[in-house]
Chemist: 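Here it is: the structure, laid out below.
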4 protein chains.
Amino acid sequence: MIIDPKSHVPIYKQIAAQILDAIDAGVYRADEMLPSLRALAADIRVNPNTVQRAYDELEREGIVYSKRGVGLFVAGGRTAAARGAAEKKVVKLLRESVLAGQSAGLTPDRIRTLFEYTLSESLSQSERRTRT
Amino acid sequence: MIIDPKSHVPIYKQIAAQILDAIDAGVYRADEMLPSLRALAADIRVNPNTVQRAYDELEREGIVYSKRGVGLFVAGGRTAAARGAAEKKVVKLLRESVLAGQSAGLTPDRIRTLFEYTLSESLSQSERRTRT
Amino acid sequence: MIIDPKSHVPIYKQIAAQILDAIDAGVYRADEMLPSLRALAADIRVNPNTVQRAYDELEREGIVYSKRGVGLFVAGGRTAAARGAAEKKVVKLLRESVLAGQSAGLTPDRIRTLFEYTLSESLSQSERRTRT
Amino acid sequence: MIIDPKSHVPIYKQIAAQILDAIDAGVYRADEMLPSLRALAADIRVNPNTVQRAYDELEREGIVYSKRGVGLFVAGGRTAAARGAAEKKVVKLLRESVLAGQSAGLTPDRIRTLFEYTLSESLSQSERRTRT
DNA sequence: GTGGTCTAGACCACA
DNA sequence: GTGGTCTAGACCACG
């Protein structure tokens, strides 16, 4: 696992993303235990609290579940599988978008701006549909 | 110009993005002067410091240039036109990605996470290519 | 007996609750002996310490009593019957509350927060009454 | 605001609940600013991080929104109003349930157990409906 | 041993 | 000044 402390993306989000990646890649399977808070923290030279925060986020999103005094486990079930498949497709599309932007010489920041714009645009549209 | 103070995107980035949009849309043409710092700040009820930061960012990216004591001007040339076209394509691709995510029931937050992940992935890869 | 290790409710409380349910349902009658610690622990694949804690809680609440070196016995009497009836009523009321919350689109987490709030509110009020 | 550090309910949840209570009671109105992190922390003699956590939870639940460098604000809109009304009803029902339990001599712990049981029961039922 | 919460204090980005 | 993130280290409940 690679952490970039200089990135403006919070470390705990970097951790959460990479754990999720590992799960999707099949490194950890359903109901399998993840590395303990302290073990992972020591491994990547990061404060246990920061790892805790990453795990919190994953648990909130329903990707893992925790058993106090036991450990953290990968949430299983169809939901997870379906989500995984859908996300793979989205990531593939996003990758194309990002590459198109990079080859056109756009800065990462500019690409992010375009993304945020697109996202908020879609949100306000779906909101409008809801109201109608 | 519309500012959304509830968004987690910094206001200065929102301003920079909208000025860029205006330039691409032809509202401001090459070597034309942009609204003065104070004028724009007063217009959108925002701290002048914040507008300053937006202008800084645009200048750093080479989209505008400043004449000391005179004002800020749009940098012209083919680059701007080419960039505009490229961005349109990227936005189109991003829109597809976002829609795919939404129709799969992913939360905006989740889509953003996937985007940030994809972006950082591409960055580290192009970095690796550069080193080689 | 069914234990849900994914639940955030401690396992020992899950055990205690289900034994109490069994008593109320008449599975164990007054002054009848409950399954031994080790037997129950083996049955539900749980650490004996955990079962011990459940039994402790039940004894503290006066629902069972222990005979040293012999076993654990159901405390009998009118109290148990009365309590059983009262609990049925409470569950009925709680069920209405939960259903109202769910049909209003509240998340389970949110409903739990409201419950904890209500409970602590009632506690501080009865405390105040006690002091007066 | 009253905090009970001895309670087993986490302090940050106590804070979140009381802020929510204040909002529902009209102490803070839509788009009004809440007390700053540090101010509130100093007021109730608690670490700023703990208050932060409470605010995080409220923001995640869509009850408040934060503006970096500005402050925390009450989220407005119909959604909030509708939610507020629904929750009031639920709290009223819960209060009846809790009082019924208390007057029957049930311990708070036992009432909580009954609640968790009821909640999980409703959840598994609605899940079953979804699968069908 | 595990996860969950809390404190003390620091640095950063933003307005 | 604000909120957001991070570290260091502590104590607790649980199994």
Side-chain angles (χ1 to χ4, degrees), chain A residues 3 5-15 33-41 45-59 64-73, chain B residues 3 5 7-15 41 44-54 57, chain C residues 3 5 7-15 41 44-54 57, chain D residues 3 5-15 33-41 45-59 64-73:
Chain A
I3 297 300
K6 284 170 291 187
S7 163
H8 279 194
V9 178
I11 293 180
Y12 78 91
K13 292 214 173 189
Q14 294 183 41
I15 297 173
M33 193 175 147
L34 292 168
S36 91
L37 270 180
R38 290 170 186 75
L40 182 54
R45 315 301 187 60
V46 143
N47 190 290
N49 275 337
T50 306
V51 178
Q52 166 86 271
R53 213 158 159 184
Y55 278 180
D56 273 357
E57 186 150 306
L58 290 172
E59 185 168 11
V64 305
Y65 61 88
S66 66
K67 293 197 237 169
R68 194 188 192 113
V70 184
L72 235 110
F73 301 82
Chain B
I3 296 299
S7 164
H8 274 194
V9 177
I11 292 181
Y12 81 91
K13 291 211 174 185
Q14 292 185 40
I15 296 173
I44 57 180
R45 315 295 186 64
V46 144
N47 192 307
N49 282 337
T50 307
V51 177
Q52 174 70 270
R53 229 189 258 204
E57 182 148 312
Chain C
I3 297 300
S7 164
H8 274 195
V9 176
I11 291 180
Y12 81 90
K13 290 211 174 187
Q14 293 185 39
I15 297 173
I44 57 180
R45 316 293 187 66
V46 144
N47 192 307
N49 281 338
T50 306
V51 177
Q52 174 71 271
R53 226 186 259 203
E57 182 149 312
Chain D
I3 297 300
K6 283 171 292 186
S7 162
H8 278 196
V9 177
I11 293 180
Y12 78 90
K13 292 213 173 186
Q14 294 183 41
I15 296 173
M33 192 174 147
L34 293 168
S36 91
L37 270 179
R38 290 169 186 74
L40 182 54
R45 313 304 185 61
V46 144
N47 189 291
N49 276 337
T50 306
V51 178
Q52 166 86 271
R53 214 157 158 186
Y55 278 180
D56 273 357
E57 186 151 305
L58 290 172
E59 185 169 11
V64 305
Y65 61 88
S66 67
K67 292 198 238 169
R68 194 186 193 115
V70 183
L72 234 109
F73 300 82

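Values below: every heavy atom of this structure, side chains too, minus hydrogens, waters and symmetry copies.
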Chemist: Select from A/Pro10 and A/Gly69 the residue whose nearest nucleotide in DNA chain F is closer to the 5' end of that strand.
Modeler: A/Pro10
Chemist: How many Å lie between CZ on A/Arg45 and C1' on F/dC6, as a whole number?
Modeler: 17 Å
Chemist: Would you indicate which nucleotide in F/dG4, F/dG9, E/dG4 comes nearest to any side-chain atom of A/Asn49?
Modeler: F/dG9
Chemist: Going from CG on A/Asn49 to CG on A/Asp56, what distance comes out if it is rounded to the nearest 0.5 angstrom?
Modeler: 10.0 Å
Chemist: In whole Å, I'd like the distance from the CZ atom of D/Arg53 to the C1' atom of E/dT7.
Modeler: 12 Å
Chemist: Kindly compute the distance separating NZ (A/Lys67) from NE2 (C/His8), expressed to the nearest 0.5 Å.
Modeler: 11.0 Å
Chemist: Specify the separation, in whole Å, of atom CZ of D/Arg38 and atom P of E/dA10.
Modeler: 12 Å
Chemist: Less than 4.5 Å apart, any side-chain heavy atom of D/Ile15 and any of D/Leu40?
Modeler: yes
Chemist: Nearest whole angstrom, please: distance from the P of F/dT5 to the CD of A/Gln52.
Modeler: 15 Å
Chemist: What is the distance from CG of A/Leu72 to C1' of F/dG15, rounded to the nearest Å?
Modeler: 15 Å
Chemist: Rounded to whole angstroms, how far apart are OH on A/Tyr55 and C1' on E/dT2?
Modeler: 12 Å
Chemist: Using atom CG of A/Asp56 as one end and atom C1' of F/dC6 as the other, report the distance to the nearest whole Å.
Modeler: 15 Å
Chemist: In terms of the nearest nucleotide of DNA chain E, which residue is placed more toward the 5' end: D/Ile11 or A/Lys67?
Modeler: A/Lys67
Chemist: For the pair made of CZ in D/Arg68 and C1' in E/dA15, what is the distance, rounded to whole Å?
Modeler: 11 Å
Chemist: For the atom pair NZ (C/Lys13) and OG1 (C/Thr50), what is the distance rounded to the nearest 0.5 Å?
Modeler: 14.0 Å
Chemist: If you look at every strand shown and take non-hydrogen atoms under 4.0 Å, does B/Tyr12 touch a base, only sugar-phosphate, or nothing?
Modeler: sugar-phosphate
Chemist: Looking at F/dT5, F/dG3, E/dC6, which one has an atom nearest to any side-chain atom of D/Leu37?
Modeler: F/dG3
Chemist: Can you see if the side chain of D/Ser66 gets near the phosphate of F/dT2 - specifically, an N or O under 4.0 Å from OP1 or OP2?
Modeler: no
Chemist: Please determine, for the side chain of D/Ser36, which listed nucleotide (F/dG3, E/dG3, F/dA8) has the closest atom?
Modeler: F/dG3
Chemist: Report the base-pairing partner of F/dC14 (Watson-Crick or G-U wobble, both distances below 3.5 angstrom), or none.
Modeler: E/dG1
Chemist: Using the test ring pair (Phe, Tyr, Trp, His ring centres under 6.0 Å), find all partners of D/Tyr55 that sit at least two apart in sequence or belong to another chain.
Modeler: none
